[in-house]
Each structure stands twice: as structure tokens, then as C-alpha cells.
**Student:** 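Encoded as C-alpha cells, here's the structure I'll be asking about.
Keep in mind that the numbers below use all heavy atoms, side chains included, and drop hydrogens, waters and symmetry copies.
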Amino acid sequence: MKKSLLFLIVVMLVVSFGFAKVYRVGTSAGFPPFEYVEKGEYVGFDMDLMREMAKEMDFEIEIIDMSFDSLIAGLVSGNLDIIAAGMTITDQRAKVVDFSDPYWTADQSISVKEDSDLTITVLFGDHNIGVQTGTTGDLWVEEHLEKTGILTGRYKRYDTFVLAMTDLVNGNLDAVVLDSPVADRFAKVRPVKTIGVIKSDEKYGLAVRKGNSKLLETINEGLKRLEENGTIDELIAKYF
Ligand code: ARG
């Protein structure tokens, strides 16, 4: 009896201290330089940030890739524990999830084909505009251009921004509205250019389920430590 009790205690200790908690991190890995796949691995600023944070705060992560507009549902339903997807902190989203302290600031860029002479008036009238479904760019175009009737052309949503950009390069779209750091980076490798910026001053945050304050605290502490020990600067140098 004594022996088995001792055994049970040892097992419990091993279980609680021996194995770090595994958190399922949801992302949408078509968003370089924040998250993308390279040689079959999830890489990018957010992915490294989560790996470094896991090391620092002593947990493990499993990365789960899905479409951007499924991430919040995945978190709410309990299939994910954390969202790390260049996700902008918005009031609407903050009603359903809890956001960490901000870790990035971005605006919305207006991209056109490299050889195009379109200006920002591309947002008006009979032009075709593409966005990534469910993103802040999508919401902005819908609210400010589509609903107001300013844009009368086709307004098209894509599963990934790369698909939208491909349609832009192929001449099926006149412009794409997308987060500025991602658009700028894309313009370096493909024949597109940024012709204007919508100053949205949005902040990216990591998200957890509403009320999961313990995990949120861990994440905020992790962000603070990675900021202080220079890891975040290293990741910026690596990816930007
Ligand atoms: N920041 C924008 C938003 O929150 C776009 C994020 C897209 N992220 C991604 N991994 N595809 O709506």
C-alpha cells in the first residue's frame, strides 16, 4: 500500500513537472514574413516568436495551419489555445477573444501591378479590388468603399493574399488592399508595387480564449522578456 502510494506520488510529480504543457498555436501560414512554409517547416516572425516564447516560458507548441477566417472559431471552440497570425487587435474581435499586448504596428497598403500607372483613385469607381477574406483590409474595403458605393467595380475576397496578388499580376484585378509589411515584402519578389498607404495604425496581438487569463499572463510575460533580452530585435533583423 505504502509503496503504491509512493509510486502514485512519483507519477504525479513526473506528470506535473516533467512534461511541459503543449499549446496548440493556430496560424494561417501564407503571410510572409510573419508566417509561411519553407522546406516543409513553419517559419516567419510569428512562428519564431512563439518558439522562443515557449522556450523562455517553459511550454511546448504545436502549430496548426488553417484559413485566416477560421482561426477565431478554432480558438473559441477549443481546438486552438493561441492564435499567432499577424492578427490585428480590433474591438470586434476583442469581444470574442482576449488579446495580448501589441507586438507589431501596421497600416494597409494599396498594391497595383508594377507597370501600371494607376494611382490611389483606383479605390474609386469601376475598378476591381482584391483582399484576403476576413482581414482588416477586407473590412476596410467593405465598410469604406463597397457599402458607401465609392467602389462600383468587382470586390473579390481570396483565401490567401497570394491568390489575390496572383490575380493582380494576371490582370484580373486592379488593386489589392493588404497589410503594409506583407505587401512591401511581396513587392520585392513579384511585379507589384505599393502606390498608397491607408494609415490604419493597427496593432498585432496574440489571441487566447476569453477568460484564459493564466495563459494571457504567460504570453505577456513572454513578450516582455523577449523584448528585454533582445530576441525580438533579432527576429526583426532576421525577417525584415
Ligand atoms: N492583420 C490583418 C488582420 O488581422 C491580416 C492578417 C492576416 N494574417 C494571416 N496570417 N494571413 O486582419
Side-chain angles (χ1 to χ4, degrees), residues 22-51 61-100 103-104 106 108-109 111 128-143 145-146 154-170 172-173 175-183 185-186 189-190 192 200 202-210 212 219 239:
V22 180
Y23 290 120
R24 286 155 303 168
V25 178
T27 195
S28 189
F31 202 62
F34 290 95
E35 41 266 342
Y36 54 105
V37 179
E38 202 174 70
K39 297 185 191 117
E41 265 221 58
Y42 295 114
V43 294
F45 182 88
D46 289 342
M47 302 295 94
D48 280 7
L49 180 72
M50 287 316 302
R51 288 193 187 100
I61 57 167
E62 181 196 343
I63 294 169
I64 300 171
D65 189 19
M66 56 179 75
S67 67
F68 184 75
D69 63 333
S70 310
L71 286 166
I72 290 195
L75 189 65
V76 171
S77 68
N79 289 327
L80 302 173
D81 301 302
I82 302 171
I83 297 174
M87 184 174 273
T88 301
I89 302 170
T90 67
D91 292 346
Q92 199 66 21
R93 290 172 181 162
K95 281 184 194 150
V96 273
V97 303
D98 282 342
F99 281 106
S100 71
Y103 66 92
W104 202 270
Q108 292 294 314
S109 278
S111 304
N128 299 327
I129 309 283
V131 295
Q132 180 178 15
T133 311
T135 59
T136 42
D138 183 1
L139 297 175
W140 192 87
V141 173
E142 182 181 352
E143 196 180 316
L145 303 183
E146 201 201 26
R154 215 156 46 98
Y155 168 35
K156 213 173 158 211
R157 297 184 169 93
Y158 296 81
D159 224 23
T160 70
F161 87 87
V162 179
L163 292 174
M165 285 293 201
T166 304
D167 253 4
L168 183 66
V169 171
N170 292 340
N172 296 323
L173 287 177
V176 169
V177 175
L178 168 71
D179 291 34
S180 48
V182 177
R185 150 104 178 210
F186 196 80
V189 294
R190 296 291 299 278
V192 300
S200 54
E202 44 201 280
K203 310 275 186 268
Y204 293 177
L206 302 163
V208 300
R209 234 179 331 281
K210 251 212 168 322
N212 195 352
I219 287 176
Y239 285 109

**Student:** Just jot down the side-chain contact (heavy atoms from CB on, under 4.5 Å) partners of I61, sequence neighbours excluded, or say none.
**Tutor:**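 With neighbours one apart ignored, the set is V25, M50, R51, A54, F59, I63.
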**Student:** Within the distance-only criterion (no hydrogens, no angle test), does the side chain of R185 pair as donor or acceptor with the backbone N or O of P33 below 3.5 angstrom?
**Tutor:**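 No; zero donor-acceptor contacts below 3.5 Å.
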**Student:** Going by the side-chain hydrogen bond (donor to acceptor under 3.5 Å, both in side chains) test, which pairs reach into residues 156-168, not counting sequence neighbours?
**Tutor:**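 Output for this query lists D138-R157, E142-R157, Y158-D167, D167-N172.
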**Student:** Just by modelled atom types, is the A84 backbone N or O under 3.5 Å from a matching donor or acceptor in the T27 side chain?
**Tutor:**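 Pair found, side chain donor or acceptor close to backbone of A84.
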**Student:** Can you name the ring pair (Phe, Tyr, Trp, His ring centres under 6.0 Å) partners of F161, sequence neighbours left out?
**Tutor:**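 Here the qualifying residues are F186.
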**Student:** Salt bridge (charged side-chain N to carboxylate O under 4.0 Å, His left out): which pairs involve residues 62-77, sequence neighbours left out?
**Tutor:**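 Residue pairs with at least one partner in residues 62-77: there are none.
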**Student:** Between Y239 (side chain only) and G44 (backbone N and O only), is there a donor and an acceptor less than 3.5 Å apart?
**Tutor:**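 It does hold such a pair.
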**Student:** Partners of R24 by side chain to side chain donor-acceptor pair (under 3.5 Å), sequence neighbours excluded?
**Tutor:**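 R24 satisfies side chain to side chain donor-acceptor pair (under 3.5 Å) with D81 only.
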**Student:** Suppose we screen for side chain to side chain donor-acceptor pair (under 3.5 Å). Which residues come up paired with W104, at least two apart in sequence or across chains?
**Tutor:**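 Side chain to side chain donor-acceptor pair (under 3.5 Å) list for W104, sorted by chain: empty.
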**Student:** Can you tell me how far the CG atom of L75 sits from the CG atom of N212, to the nearest 0.5 Å?
**Tutor:**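 Taking CG in L75 and CG in N212, the distance rounds to 8.5 Å.
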**Student:** Going by heavy atoms in the side chains, are D179 and F34 under 4.5 Å from each other?
**Tutor:**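 Sidechains of F34 and D179: no contact.
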**Student:** Considering non-hydrogen atoms only, spot the tightest contact between L173 and L168 and give its length.
**Tutor:**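 The pair with the smallest heavy-atom distance is O-CD1, 3.5 Å.
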**Student:** Quick one: do Q132 and L163 satisfy side chain to side chain contact (heavy atoms under 4.5 Å, CB included)? Show the steps, please.
**Tutor:** CA-CA 9 Å; Q132 180 178 15; L163 292 174; over 6 Å; no
**Student:** Between the main-chain N or O of L80 and the side-chain N or O of R209, is there a donor-acceptor pair closer than 3.5 Å?
**Tutor:**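 Present.
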**Student:** Would you confirm whether S70, through its side chain, and M66, through its main-chain N or O, come within 3.5 Å as a donor-acceptor pair?
**Tutor:**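 Such a contact is absent between S70 side chain and M66 backbone.
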**Student:** Between S109 and L178, is the side chain to side chain contact (heavy atoms under 4.5 Å, CB included) condition met? List the steps.
**Tutor:** CA-CA 5 Å; S109 278; L178 168 71; 5.6 Å; no
**Student:** How would you list, by chain and number, every residue that makes a side chain to side chain donor-acceptor pair (under 3.5 Å) with Y36, sequence neighbours excluded?
**Tutor:**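 Checked Y36 against side chain to side chain donor-acceptor pair (under 3.5 Å); zero matches.
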**Student:** Quick one: closest heavy-atom pair of D46 and G86, and the distance?
**Tutor:**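 Looking at all heavy atoms of both residues, the shortest contact is OD2-N, 2.8 Å.
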**Student:** Could you check if a side-chain atom of S67 sits within less than 4.5 angstrom of a side-chain atom of T133, using non-hydrogen atoms only?
**Tutor:**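 Side chain of S67 against side chain of T133, heavy atoms only: no contact under 4.5 Å found.
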**Student:** Could you walk me through whether S28 and E35 pass the side chain to side chain contact (heavy atoms under 4.5 Å, CB included) check?
**Tutor:** CA-CA 7 Å; S28 189; E35 41 266 342; 5.6 Å; no
**Student:** Going by side-chain contact (heavy atoms from CB on, under 4.5 Å), name the residues that satisfy it together with T90, two or more places apart in sequence or in a different chain.
**Tutor:**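 Counting only residues at least two positions away or on another chain, T90 forms a side-chain contact (heavy atoms from CB on, under 4.5 Å) with T88, Q92, R93, T136.
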**Student:** For Y23, what residues pass the side chain to side chain donor-acceptor pair (under 3.5 Å) criterion, not counting sequence neighbours?
**Tutor:**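 Listed in chain order: nothing, the list is empty.
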**Student:** Test V97 against every option in L206, I72, I89, L71 by the side-chain contact (heavy atoms from CB on, under 4.5 Å) rule and name the one that passes.
**Tutor:**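 Between V97 and the candidates, side-chain contact (heavy atoms from CB on, under 4.5 Å) is satisfied uniquely by I72.
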**Student:** With sequence neighbours excluded, tell me which residues meet side-chain contact (heavy atoms from CB on, under 4.5 Å) with K210.
**Tutor:**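 side-chain contact (heavy atoms from CB on, under 4.5 Å) check on K210 returns D98.
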**Student:** Check ring pair (Phe, Tyr, Trp, His ring centres under 6.0 Å) between Y155 and all other residues, then give those that pass, not counting sequence neighbours.
**Tutor:**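 Once residues adjacent in sequence are excluded, Y155 has no partner under the ring pair (Phe, Tyr, Trp, His ring centres under 6.0 Å) criterion.
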**Student:** Any idea how F31 and Y204 line up, ring-wise: parallel (<30°), tilted (30 to 60°), or perpendicular (>60°)?
**Tutor:**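 Correct class here is tilted.
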**Student:** In chain order, what residues pass the side-chain contact (heavy atoms from CB on, under 4.5 Å) check against S200, with sequence neighbours excluded?
**Tutor:**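 So S200 forms a side-chain contact (heavy atoms from CB on, under 4.5 Å) with D107, Q108, E202.
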**Student:** Can you check whether V208 reaches I219 side chain to side chain, under 4.5 Å on heavy atoms?
**Tutor:**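 SC-SC contact between V208 and I219 confirmed.
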**Student:** Can K203 and F99 be said to form a side chain to side chain contact (heavy atoms under 4.5 Å, CB included), step by step?
**Tutor:** CA-CA 10 Å; K203 310 275 186 268; F99 281 106; over 6 Å; no
